[in-house]
Amino acid sequence: MPELAEVEFFRKRWSAGHGAKVLAVRLHAGKKIFRDCDPAQLTRHLTGAKLLSSTTAAKQMLFEFSGTGLPRAESRWLGVHLGMTGELRVEPPGYEAAAHDHLILVQRERLLVFKDPRMFGGVRFHHGKTAPVWWTRIAPAILSPAFTVEVVAAFLQRRARAPIKAVLLMQERFPGIGNWMADEVLWRAAIHPQRPAGSLSVAEVRTLHRECRKVCRLALDTIAGEGDYLPPDLNAHIPKSWLFWHRWSDGGRCPRTKQPLVREEVGGRTTCWSPARQKRG
DNA sequence: ATTGATGTTGTCGG
DNA sequence: GCCGACAACATCAA
């Protein structure tokens with residue numbers, strides 16, 4: 001489920017616990033979720049710590065906790081990646097862990113729950129003054145000034161022979177873009193997903209760059225909500241005019257041309273496009 | 001029973 | 001060493 005805006009949606013749920021202490025940590029040690037960290041260390045350092053703040057970058061979240069007192073300048077950092085099926089929830093006190101609730105941070109007024117059935121996601125832990133390298137080395141956001149047409153053009157040249165759809169999924173340059181967002185971008189830009197990345201014209205690269213930014217902005221506003229507002233569900237406010245609602249199964253129609261959509265594997269992922277709008281060429 | 005799913009990573013061949 | 005293709009990972013729902 002989780003791409004850029006969905007990740008932000010889930011982060012916002014846990015932000016209900018900002019300013020509150022973690023009384024206890026409950027986890028399923030040994031689960032694959034913990035492959036990149038030591039569950040015992042995570043438990044030791046987060047118990048008694050206060051959740052200070054959180055941010056997202058690409059498809060990842062970072063939660064910062066203060067210590068219980070000792071080295072004042074040191075923070076504890078919890079990184080979360082939701083993989084394919086991960087989600088964060090808030091449950092009331094007394095909640096008992098259900099299947100696949102692999103990590104729970106217990107606070108006095110709520111429980112912060114991380115659930116992930118397929119366990120392609122994971123958590124990481126770091127202890128120190130500043131955010132860990134596995135966080136700081138994430139590529140600059142698509143909505144940041146660093147994401148320029150020039151940078152995109154250069155990247156497409158380096159990946160010239162790969163289908164543009166596959167290139168859009170590369171987190172090193174398009175952080176946060178996932179399968180449905182890539183399709184949404186190409187559909188809006190009217191570019192065929194199988195086009196080699198190096199074959200796009202200068203004008204097409206400019207359009208692609210613009211639509212990347214637009215889709216990120218629109219997705220964040222409608223899925224994660226503006227400001228403090230958090231929509232009741234992930235999809236609650238996604239307009240029917242997006243490809244999103246029409247791409248998941250065969251037989252869909254392009255919301256713009258009303259012509260049939262095609263679904264086929266491109267770059268190893270199911271890809272949906274509108275042949276009437278996205279031509280090869 | 002079979003198939004596919006909103007993601008990443010390691011491996012292999014060119 | 002870089003690039004691109006693909007299998008593997010673990011579970012559930014249609």
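Only this structure's heavy atoms are used, side chains among them; waters, hydrogens and symmetry mates stay out. Residue numbers begin at 1 in each chain, while the letters A, B, ... track the order of the sequences.
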A.B. asks: With a non-hydrogen cut-off below 4.0 angstrom, is A:Gly268 in contact with a base, only sugar-phosphate, or nothing?
C.D. replies: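 Contact class for A:Gly268: none.
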A.B. asks: Between C:dT11, B:dT8, C:dC3, which one does the side chain of A:His100 approach most closely?
C.D. replies: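 Closest of the options to the side chain of A:His100: C:dT11.
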A.B. asks: With a 3.5 Å limit on both atom pairs, tell me what C:dA10 is paired to, counting Watson-Crick and G-U wobble, or say none.
C.D. replies: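 Partner of C:dA10: none found under 3.5 Å.
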A.B. asks: Hey, does the side chain of A:Lys32 come within less than 4.0 Å of C:dA10's phosphate (OP1/OP2), counting only N and O?
C.D. replies: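 No, because none of the side-chain N or O atoms of A:Lys32 sits under 4.0 Å from OP1 or OP2 of C:dA10.
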A.B. asks: Is A:Phe120 stacked on the base of B:dT8, meaning ring centres closer than 5.5 Å and planes within 30 degrees of each other?
C.D. replies: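 Stacking between A:Phe120 and B:dT8: absent.
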A.B. asks: Can you tell me if the side-chain N/O atoms of A:Arg118 get under 4.0 Å from OP1 or OP2 in B:dA5?
C.D. replies: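 For B:dA5, neither OP1 nor OP2 has a side-chain N or O of A:Arg118 closer than 4.0 Å.
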A.B. asks: Please state how far atom CH2 in A:Trp248 lies from atom P in B:dT3, giving the value in whole angstrom units.
C.D. replies: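 My rounded result for the distance is 21 Å.
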A.B. asks: Describe the nucleic acid contact of A:Gln171 in one word from base, sugar-phosphate, nothing, applying a heavy-atom distance below 4.0 Å.
C.D. replies: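 Contact class for A:Gln171: sugar-phosphate only.
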A.B. asks: Could you state the atom-to-atom distance from CG of A:Asp116 to P of C:dC12 in whole Å?
C.D. replies: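 Rounding to the nearest Å, CG of A:Asp116 and P of C:dC12 are 11 Å apart.
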A.B. asks: Whether A:Arg247 engages the ring of A:Trp180 as a cation-pi pair (distance to the six-membered ring centre under 6.0 angstrom, angle to the ring normal within 45°) should be assessed.
C.D. replies: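 Checked: cation-pi criterion not met.
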A.B. asks: Closer than 3.5 angstrom, by distance alone: can the side chain of A:Thr257 be matched with the main-chain N or O of A:Pro255 as a donor-acceptor pair?
C.D. replies: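 Between the backbone of A:Pro255 and the side chain of A:Thr257 there is no qualifying donor-acceptor contact (under 3.5 Å).
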A.B. asks: Distance check needed: B:dG13 P versus A:Arg161 CZ, whole Å only.
C.D. replies: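 So the two atoms are 18 Å apart, to the nearest Å.
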A.B. asks: Expressed in angstrom and rounded to an integer, what is the separation of A:Leu168 atom CG from B:dT8 atom P?
C.D. replies: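 Atom-to-atom, A:Leu168 to B:dT8, this comes out as 14 Å.
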A.B. asks: Rounded to whole angstroms, how far apart are CD1 on A:Ile164 and P on C:dA5?
C.D. replies: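 A:Ile164 atom CD1 is separated from C:dA5 atom P by 13 Å.
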A.B. asks: With the side chain of A:Pro163 defined as its heavy atoms from C-beta on, choose the nearest nucleotide among C:dT11, B:dG7, C:dA5.
C.D. replies: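 The closest nucleotide is C:dA5.
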A.B. asks: Please pick, from B:dA5, B:dT8, C:dC9, the nucleotide with the shortest atom-to-atom distance to any side-chain atom of A:Met84.
C.D. replies: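 Side chain of A:Met84 sits closest to B:dA5.
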A.B. asks: Under 4.0 Å, heavy atoms only, any strand: does A:Ala166 hit a base, just the sugar-phosphate, or nothing?
C.D. replies: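 No contact.
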A.B. asks: Figure out the CE/C1' separation between A:Met119 and C:dC12, and round it to whole Å.
C.D. replies: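 The distance from CE of A:Met119 to C1' of C:dC12 comes to 12 Å, rounded to the nearest Å.
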A.B. asks: Nearest whole Å is fine: how far is C:dA10 P from A:His102 NE2?
C.D. replies: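 From A:His102 NE2 to C:dA10 P: 12 Å.
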A.B. asks: Tell me the interatomic distance from A:Glu172, atom CD, to C:dC2, atom C1', rounded to whole angstroms.
C.D. replies: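 Distance, rounded to whole Å: 11 Å.
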A.B. asks: Does the separation of the ring centres of A:Phe147 and A:His209 fall below 6.0 angstrom?
C.D. replies: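 Between A:His209 and A:Phe147, which both carry aromatic rings, the centre distance is below 6.0 Å.
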A.B. asks: OP1, OP2 of B:dG7 versus side-chain N and O of A:His81: anything below 4.0 Å?
C.D. replies: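 So the side chain of A:His81 is outside the cut-off, no N or O lying under 4.0 Å from OP1 or OP2 of B:dG7.
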A.B. asks: Kindly point out which of B:dA5, B:dG7, C:dA10 is positioned nearest to the side chain of A:Thr270?
C.D. replies: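 Nearest nucleotide to the side chain: B:dA5.
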A.B. asks: Taking OP1 and OP2 of B:dA5, is either one under 4.0 Å from a side-chain nitrogen or oxygen of A:Arg263?
C.D. replies: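 Yes, because at least one side-chain N or O of A:Arg263 sits under 4.0 Å from OP1 or OP2 of B:dA5.
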A.B. asks: Do the side-chain N and O atoms of A:Gln194 and A:Arg280 include a donor-acceptor pair separated by under 3.5 angstrom?
C.D. replies: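 Their side chains do contain a donor-acceptor pair, which is all the 3.5 Å distance test asks for.
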A.B. asks: Would you mind classifying the nucleic acid contact of A:Pro117 as base, sugar-phosphate or nothing, using non-hydrogen atoms under 4.0 angstrom?
C.D. replies: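 It contacts sugar-phosphate atoms only.
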A.B. asks: Taking atom P in both C:dA13 and B:dT8, what distance in whole Å separates the two?
C.D. replies: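 Taking atom P in both C:dA13 and B:dT8, they lie 23 Å apart.
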A.B. asks: With the side chain of A:Ala162 defined as its heavy atoms from C-beta on, choose the nearest nucleotide among C:dA10, C:dA5, B:dT8.
C.D. replies: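 Within the option list, the nearest is C:dA5.
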A.B. asks: Is it the case that the side chains of A:Lys50 and A:Ser66 hold a donor-acceptor pair, with the cut-off being a distance below 3.5 Å and no angle test?
C.D. replies: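 No, because no side-chain N or O of A:Ser66 sits under 3.5 Å from a partner of the opposite role on A:Lys50.
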A.B. asks: List the atom of A:Phe63, the atom of A:Leu51, and the distance in Å for their closest heavy-atom pair.
C.D. replies: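 For A:Phe63 and A:Leu51, the tightest heavy-atom pair comes out as CB-CD1, 3.9 Å.
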